[in-house]
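Okay, so here's the structure we're looking at.
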Number of protein chains: 2
Amino acid sequence: MTSPYLDKHREKLDAAVAACASREYYSAYDESPSPRVYGETAAGEGKAAFEAWLGQPFPLETPGSDGTVSTERSPYGFDLDISYPHAHDVDALLTSAGAGMTAWRDAGPEGRTGVCIEILERLHARVFELANAVQHTSGQAFVMAFQAGGAHALDRALEAIAYAWVEMSRTPRTAVWEKPGKVPLKMEKTFTVVPRGVALVIGCNTFPTWNSWPGLFASLVTGNAVVVKPHPSAVLPLAITVQVCREVLAEAGFDPHLVTLAAEDPTDKLAATLAVRPEVRLIDYTGGNAFGDWLEQNAHQAVVFTEKAGVNTVVIESTSSFGAMCANLAFSFALYTGQMCTAPQNVYLPAAGVETDEGLKSPAEVAAGIGAAFDKLLGDDARAVELLGGVVNDGVLSRLQAAGSKGEVYVASRTVTHPAYADATVRTPTIIGLTAADSDVYENECFGPVAYLIATSGTDESIALFRDTVQRHGAMTASMYSTSDEVVARMREAALDAGVALSENLLGGVFVNQSAAYSDFHGTGANPAANASYTDGAYVASRFRVVQSRRHI
Amino acid sequence: MTSPYLDKHREKLDAAVAACASREYYSAYDESPSPRVYGETAAGEGKAAFEAWLGQPFPLETPGSDGTVSTERSPYGFDLDISYPHAHDVDALLTSAGAGMTAWRDAGPEGRTGVCIEILERLHARVFELANAVQHTSGQAFVMAFQAGGAHALDRALEAIAYAWVEMSRTPRTAVWEKPGKVPLKMEKTFTVVPRGVALVIGCNTFPTWNSWPGLFASLVTGNAVVVKPHPSAVLPLAITVQVCREVLAEAGFDPHLVTLAAEDPTDKLAATLAVRPEVRLIDYTGGNAFGDWLEQNAHQAVVFTEKAGVNTVVIESTSSFGAMCANLAFSFALYTGQMCTAPQNVYLPAAGVETDEGLKSPAEVAAGIGAAFDKLLGDDARAVELLGGVVNDGVLSRLQAAGSKGEVYVASRTVTHPAYADATVRTPTIIGLTAADSDVYENECFGPVAYLIATSGTDESIALFRDTVQRHGAMTASMYSTSDEVVARMREAALDAGVALSENLLGGVFVNQSAAYSDFHGTGANPAANASYTDGAYVASRFRVVQSRRHI
């Protein structure tokens with residue numbers, strides 16, 4: 001089979017497939033928002049495109065909708081006032097979603113893969129508009145929104161498409177089978193990739209594109225229709241996504257209802273309704289544990305991929321560069337105000353102190369070192385907001401406010417004034433001192449800019465607590481600092497047992513909360529924080545089925 | 001990493017991997033029990049080895065067992081009277097099962113794959129003993145037990161290992177990632193395949209090895225410990241399997257408790273207890289729908305692979321060879337007394353008749369043609385038993401006895417006397433005439449030697465009923481007869497929609513109930529009869545996880 005879109009994008013697909021296999025560096029979408037890369041007018045045009053949506057009805061058709069909903073407010077302090085079709089009649093929505101699936105199936109892996117990468121190209125062409133949309137729904141600072149919400153999200157989407165392509169291509173379209181014998185048996189066999197059904201993608205507030213696109217494209221490229229249920233506070237990035245999907249599908253001759261937006265009022269509980277419908281056979285979810293666990297336990301008719309929450313952990317035993325370690329940790333705590341599912345929270349270190357190039361450092365001194373790094377990074381309000389972004393919701397703020405009562409406030413949070421958005425809510429992280437006995441505090445995720453320095457009886461206890469906390473409560477990331485090969489080896493072993501990825505001695509420009517598409521797996525599926533990983537074979541293999549026919553020849 | 005066992009078996013592994021990709025013919029284990037293949041003494045020695053177990057305690061250690069159970073009776077009319085350790089203390093069993101998993105994980109894909117193929121070699125060396133064990137638990141005739149229960153089961157096991165090998169090898173053990181930039185970032189990354197936990201394999205009565213080995217080896221080779229819970233009526237084939245697994249594991253320096261046998265008294269409901277234990281993270285099940293559905297809905301902590309039951313369907317529109325069609329269908333109905341999950345049950349054909357090379361044939365005439373083929377195949381008792389085998393249990397017998405009241409008895413079942421086993425229960429199939437209106441009869445699986453010829457208003461209705469029955473009640477197989485390209489095309493489309501594999505115009509030595517390892521998928525996972533397929537990527541990809549670590553270099 002040939003596909004004009006696949007021919008156009010073949011080089012990119014092949015490069016992505018090769019990078020997934022080698023795990024070497026690759027990126028298909030430039031992460032720099034510089035005019036030298038994207039041209040002088042791109043940033044301004046993107047901002048204008050975003051602003052043109054404000055206060056308007058967003059032009060999308062959602063089958064079975066009734067009226068509109070308008071639910072978004074920028075963490076930078078203004079209502080978006082964009083209205084979207086209010087998903088209402090679930091029967092009509094799911095019937096329309098499934099109607100085009102046979103033609104989409106018959107397009108084959110080649111046809112679907114070409115269309116999906118073309119969608120990424122069109123999204124890339126609107127990357128500045130998307131970055132503004134992500135910024136003003138998630139609260140991410142602009143550059144981060146451009147990267148994590150734009151370029152990196154596109155790379156993660158292409159990665160998912162590449163994995164699905166490999167998986168769909170494992171079985172040939174036709175084969176001839178000939179069994180030797182007195183009477184040889186010869187058959188022609190045909191193998192067809194068929195979809196599972198309607199896929200549901202449930203978006204989150206903080207990473208509406210980065211966390212939704214892998215599942216969306218993995219399901220779409222394998223032949224399924226996709227209903228996108230955005231977080232009510234982060235609709236626009238996914239509305240633009242759905243708009244582009246529908247545009248390309250229609251141009252390519254497919255039913256645009258293969259991708260639909262199901263916007264809701266927060267009281268609708270639409271995700272729970274959709275998730276148990278018999279038509280829904282795949283669910284991708286990013287968000288809190290309670291609903292994620294509910295999905296895993298109740299949506300029996302579907303394959304459920306969840307990314308929930310955990311307690312990300314750092315173990316410090318010693319370091320060759322106290323300054324670099326503090327700077328690296330400070331950046332990880334501060335980036336997007338700690339509102340990343342990958343941001344570290346629990347730092348286990350010996351009460352007796354950490355050996356460093358600047359001598360033995362007590363927990364209070366480590367906190368002071370990180371505090372000093374905060375001062376450098378965040379001392380200037382105008383620079384600070386470009387790293388911190390805005391506080392995404394009141395829950396984060398109240399957890400931050402409550403954190404001080406949980407232990408000793410080593411470093412206090414500071415209110416930052418945004419130079420451009422007077423009503424933005426911006427805070428620096430706080431660092432709270434605890435001891436190993438405070439498990440009731442540190443065994444819970446405190447999503448937001450709160451880090452715990454937890455004094456242990458020594459590195460044995462630090463590693464034991466790390467292993468135990470992650471096994472029982474999950475983690476998306478872990479990191480460690482040690483100059484001892486023996487301690488590194490023990491931490492690697494503990495990380496394997498706990499099923500969490502480990503970053504060792506990050507002292508430069510790589511941060512534990514960042515993962516690189518095609519090379520780093522995001523989540524492992526091996527601990528309670530997530531049952532899936534971006535992207536491995538398990539993330540794509542069960543999104544389709546192979547149906548064969550056979551005949552004598 | 002090197003592995004002596006992998007070096008030894010590398011050629012076989014590579015050939016299996018290649019066959020899975022090409023779907024061309026391959027077999028690693030000769031299906032002919034002929035002395036010319038296996039030697040003059042092999043058959044006798046295997047029979048003697050089987051007989052030596054009778055009346056004896058089977059020498060296996062099951063951690064936490066208490067006393068013994070003895071639950072097997074041959075469908076050929078005698079008690080096996082073999083006693084097995086009675087699984088009792090589930091805590092002790094699961095703790096022991098998991099204890100060796102870290103060393104098994106650390107053996108890596110190479111080490112584990114080598115050990116697993118060595119296990120297959122040792123099972124192959126005992127294939128005649130296994131064939132006798134399968135014969136006298138399932139009731140399969142000897143040659144079928146040798147093939148389906150021995151050689152073909154080994155091929156299916158190797159296929160599962162090959163898929164898992166490919167899946168585990170997709171990610172390199174180490175990689176160097178270098179991101180260009182003003183300050184290039186360079187990291188070394190390590191990727192480790194880690195197990196999910198303890199795997200539970202729940203065996204069935206009719207195919208204790210063929211249906212259990214794919215899941216057993218897929219879970220074991222990916223690093224998991226495996227608890228094998230056999231059907232109480234078919235313990236011996238899996239006891240031998242577990243014995244061989246433990247022997248090879250111990251020889252290779254691993255904990256033999258990585259594979260354990262959990263034999264039960266039928267009233268224990270041990271599978272249900274094990275299935276919801278938090279340690280159990282993978283479940284492979286073959287059996288009835290009720291417990292399979294229960295597993296899918298209750299074992300949330302595990303990935304559940306089920307092969308349940310459905311209504312296998314044949315659509316007849318026309319044929320170029322009435323005699324060959326009737327002979328082919330008769331064989332499929334008769335083979336192992338229709339006690340295969342792949343045996344056809346519902347034959348839809350126009351009430352007005354089927355165009356054939358012998359003229360238009362009414363449903364009654366088609367039944368008569370199949371009846372005549374039965375006479376040829378099964379007319380002689382001594383030959384008949386070699387095809388039919390024995391009736392596996394009383395449930396099959398009572399369904400057969402009740403079938404006559406459901407419609408018009410076109411062909412009656414006949415009692416066959418086994419020349420060697422006077423107490424064996426052997427029956428030929430019955431063919432019952434129904435109409436499309438009798439959906440209350442034909443929409444249920446009637447496991448055993450009962451076929452329904454269902455007269456429809458024409459092929460449009462036949463295809464509609466096929467599609468609808470399979471979508472709602474599932475099917476493991478489907479077949480069709482038509483000389484019309486247009487009808488073939490419509491059936492292919494219906495089979496894709498229903499998610500069932502289709503065999504077209506089988507008129508020779510290939511039968512709808514047979515699937516060839518490495519080429520034919522067994523089950524699709526796309527209809528209610530099974531949620532998994534032997535073997536595709538989805539069958540192996542979620543049995544392990546990849547955990548990475550990374551560091552600057």
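Letters A, B, ... are given to chains in the order of the sequence lines, protein chains preceding strands, and every chain is numbered from 1. Worth saying up front: this structure is predicted, and the values here are computed from it rather than measured.
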Minimum side-chain heavy-atom gap [X]-[Y] below 4.5 Å:
X: A:Arg170; Y: B:Glu167; answer: yes
X: A:Glu159; Y: A:Cys20; answer: yes
X: B:Trp165; Y: B:Val540; answer: no

Would you confirm whether [X], through its side chain, and [Y], through its main-chain N or O, come within 3.5 Å as a donor-acceptor pair?
X: A:Asn224; Y: A:Gly197; result: yes
X: A:Thr524; Y: A:Gly499; result: yes
X: B:Asn505; Y: B:Thr319; result: no
X: B:Thr477; Y: B:Thr342; result: yes
X: B:Arg543; Y: B:Gly223; result: no

Which atoms of [X] approach chain B - backbone, side chain, both or neither, heavy atom under 4.5 Å:
X: A:Phe191; result: side chain
X: A:Glu178; result: backbone
X: A:Val500; result: backbone
X: A:Val546; result: both
X: A:Met101; result: neither
X: A:Thr102; result: side chain
X: A:Ala532; result: backbone
X: A:Leu185; result: side chain
X: A:Asp536; result: side chain
X: A:Ser22; result: backbone
X: A:Lys189; result: side chain
X: A:Arg492; result: side chain
X: A:Glu296; result: backbone
X: A:Ala495; result: backbone

Over 60° means perpendicular and under 30° means parallel, so classify the ring planes of B:Phe331 and B:Phe511, tilted if in between.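 Parallel: the ring planes of B:Phe511 and B:Phe331 meet at under 30°.
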Closest heavy-atom pair and its distance - A:Ala541, B:Gly537: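 That would be CB-C, 3.8 Å.
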Shortest non-hydrogen contact from B:Gln297 toward B:His300: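 Minimum heavy-atom separation between B:Gln297 and B:His300: O-NE2, 2.9 Å.
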Can you tell me which of [options] forms the most heavy-atom pairs within a distance under 4.5 Å of chain B?
options: A:Arg23, A:Gln548, A:Glu24; value: A:Gln548
options: A:Val488, A:Leu502, A:Asp293, A:Thr174; value: A:Leu502
options: A:Val304, A:Leu506, A:Val183, A:Val303; value: A:Leu506
options: A:Ser27, A:Pro172, A:Ala478; value: A:Pro172

Under 4.5 Å, counting heavy-atom pairs only, tell me which of [options] racks up the most with chain A.
options: B:His552, B:Glu504, B:Glu493; result: B:Glu504
options: B:Arg551, B:Arg550, B:Gln301; result: B:Arg550
options: B:Gly508, B:Ser169, B:Pro180; result: B:Pro180
options: B:Ser533, B:Gly525, B:Ala175; result: B:Gly525
options: B:Val194, B:Thr192, B:Val510; result: B:Val510
options: B:Thr171, B:Val176, B:Asp520; result: B:Asp520

Quick one: OG1 on A:Thr306 to CG on A:Asn289, what's the gap to the nearest 0.5 Å?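 Atom-to-atom, A:Thr306:OG1 and A:Asn289:CG are 8.5 Å apart.
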How long is the span from the OG atom in B:Ser542 to the CZ atom in A:Phe305, to the nearest 0.5 Å?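 One gets 8.5 Å once the value is rounded to the nearest 0.5 Å.
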Examine whether an atom of B:Met491 lies under 4.5 Å from a heavy atom of chain A, and if so say whether it belongs to the side chain, the backbone or both; otherwise answer neither.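 It is neither, since no heavy atom gets under 4.5 Å.
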Is B:Glu188 close to chain A through its backbone or its side chain, or both, or neither, when contacts mean heavy atoms under 4.5 Å?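 No part of it gets close to chain A.
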Quick one about A:Gln514 and A:His152 (side-chain donor to acceptor, distance below 3.5 Å, no hydrogens or angles considered), yes or no?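 No, no side-chain donor-acceptor pair sits under 3.5 Å.
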Answer yes when A:Arg105 and B:Asp497 have at least one side-chain N-carboxylate O distance shorter than 4.0 Å, and no when they do not.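 Yes.
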